[in-house]
Amino acid sequence: MDSEISSLTLRALRRVLRATEIGSRQLAATTGLTPSQMLVLREIDVRGLTTPSTIAHAMQFSQATITAIVDRLVALGFVQRQRSETDKRQFRLSLLPEGVRALAEAPDPLQKRFTDRFDALPAWERAMILAATERLAMLMDAQSIDAAPLLDGGRIDRIEPD
């Protein structure tokens, strides 16, 4: 019985990994973006004219990671950097028409579906899932791996989708 439960748990974990991989491939095929690039694009869209540090803080990414992602979005013509009028050391980010179009064409991201459904669960169930997931990470010796709150199998700051 115990080996059956561990096998079923591994199968469920594998389904989560596969769903993440499939979602990333759909996003790349549609927009040419990685999930982290799409999340940064969405964050800029929601905030309007904003700074990289605001995006980094909101997404719990490092400043260096946001810089690498924004560099790619600028190179693709999705985002524009403008030097702040009040503080010349700061840059403001805004979406360009290509970025708006990429957001409109993007498939419903796995991250958003998960968050919406997870947030709809009762607090006790969310806490139980968090505890079980943290325990899984510990069982896999993954508790010390630095990971942003992002459903993506690749490096967060990679330039090209896998």
Side-chain angles (χ1 to χ4, degrees), residues 1-70 72-73 78-79 93-95 99-158 160-162:
M1 179 70 171
D2 288 343
S3 67
E4 182 181 344
I5 291 174
S6 65
S7 180
L8 290 172
T9 303
L10 287 171
R11 286 185 67 207
L13 187 55
R14 178 68 181 145
R15 286 194 305 270
V16 169
L17 294 171
R18 287 283 297 134
T20 302
E21 181 184 327
I22 290 166
S24 294
R25 284 187 184 162
Q26 287 173 339
L27 181 62
T30 306
T31 65
L33 297 173
T34 67
S36 53
Q37 290 166 347
M38 180 55 69
L39 287 175
V40 169
L41 208 57
R42 285 186 195 282
E43 195 68 29
I44 294 168
D45 183 46
V46 167
R47 293 179 181 281
L49 198 60
T50 189
T51 64
S53 60
T54 299
I55 300 294
H57 185 267
M59 296 185 67
Q60 301 174 10
F61 285 8
S62 72
Q63 187 72 40
T65 297
I66 291 299
T67 298
I69 292 170
V70 168
R72 176 66 174 159
L73 294 172
F78 290 171
V79 170
L93 305 173
S94 60
L95 287 186
V100 173
R101 191 168 78 229
L103 285 172
E105 293 174 357
D108 185 25
L110 182 63
Q111 176 111 3
K112 182 174 177 356
R113 284 194 313 263
F114 170 81
T115 302
D116 291 347
R117 291 173 182 170
F118 187 80
D119 289 347
L121 295 173
W124 68 265
E125 194 170 2
R126 292 191 311 261
M128 184 181 71
I129 291 170
L130 172 60
T133 308
E134 289 287 347
R135 186 73 163 157
L136 268 174
M138 193 256 334
L139 291 171
M140 300 178 80
D141 290 328
Q143 69 272 18
S144 62
I145 295 174
D146 185 30
L150 173 68
L151 291 172
D152 185 14
R155 278 187 17 245
I156 293 169
D157 62 349
R158 69 186 185 278
E160 298 292 331
D162 292 336

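Fair warning: this is a prediction, and the values are worked out from it, not measured in the lab.
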- [ ] Could you grab the distance from atom CZ of Arg18 to atom CZ of Arg11, nearest 0.5 Å is fine?
- [x] 13.5 Å

- [ ] Go through the structure and list residues passing side-chain hydrogen bond (donor to acceptor under 3.5 Å, both in side chains) with Thr54, not counting sequence neighbours.
- [x] Thr51

Task: Worked verdict on Leu41 versus Ile69 for side chain to side chain contact (heavy atoms under 4.5 Å, CB included) - done: CA-CA 9 Å; Leu41 208 57; Ile69 292 170; over 6 Å; no

TODO: Go through the steps to decide whether Thr65 and Met59 satisfy the test side chain to side chain contact (heavy atoms under 4.5 Å, CB included), and finish with yes or no.
DONE: CA-CA 11 Å; Thr65 297; Met59 296 185 67; over 6 Å; no

- [ ] First locate atom OG1 of Thr30, then atom CZ of Arg25, and finally report the distance between them rounded to the nearest 0.5 Å.
- [x] 13.5 Å

- [ ] Taking all heavy atoms of Ser24 and all of Pro35, pick out the closest pair and write down the distance.
- [x] OG-CG, 3.3 Å

Task: Heavy-atom closest pair, residues Ile66 and Ile55 - done: CD1-CG2, 3.8 Å

Task: Where Ala102 and Thr31 come nearest, the two heavy atoms and their spacing - done: O-CG2, 3.6 Å

Open item on the list: Would you compute the distance between atom CE of Met140 and atom CG of Leu13 and round it to the nearest 0.5 angstrom?
Closed with: 5.0 Å

Open item on the list: Test: salt bridge (charged side-chain N to carboxylate O under 4.0 Å, His left out). Region: residues 36-58. Which pairs qualify, not counting sequence neighbours?
Closed with: Glu43-Arg47

- [ ] Taking the side chain as every heavy atom from C-beta outward, state whether Phe78 and Ile44 have any atom pair closer than 4.5 Å.
- [x] no

Task: Flag, side chain of Thr20 to backbone of Val16, donor-acceptor distance under 3.5 Å - done: yes

Under 3.5 Å donor-acceptor pairs involving side-chain atoms of residues 116-134, not counting sequence neighbours:
from   : atom 1 : to     : atom 2 : distance (Å)
Asp116 : OD2    : Lys112 : NZ     : 2.8
Arg126 : NH1    : Asp119 : O      : 3.4
Arg126 : NH1    : Leu121 : O      : 2.5
Thr133 : OG1    : Ile129 : O      : 2.7

TODO: Locate the shortest heavy-atom distance separating Ala106 from Leu27; write the atom from each residue and the value.
DONE: CB-CD1, 4.1 Å

Task: Any side-chain heavy-atom pair of Leu93 and Leu49 under 4.5 Å - done: no

- [ ] Compare all side-chain heavy atoms of Leu103 with those of Met38 and state whether any distance is below 4.5 angstrom.
- [x] yes

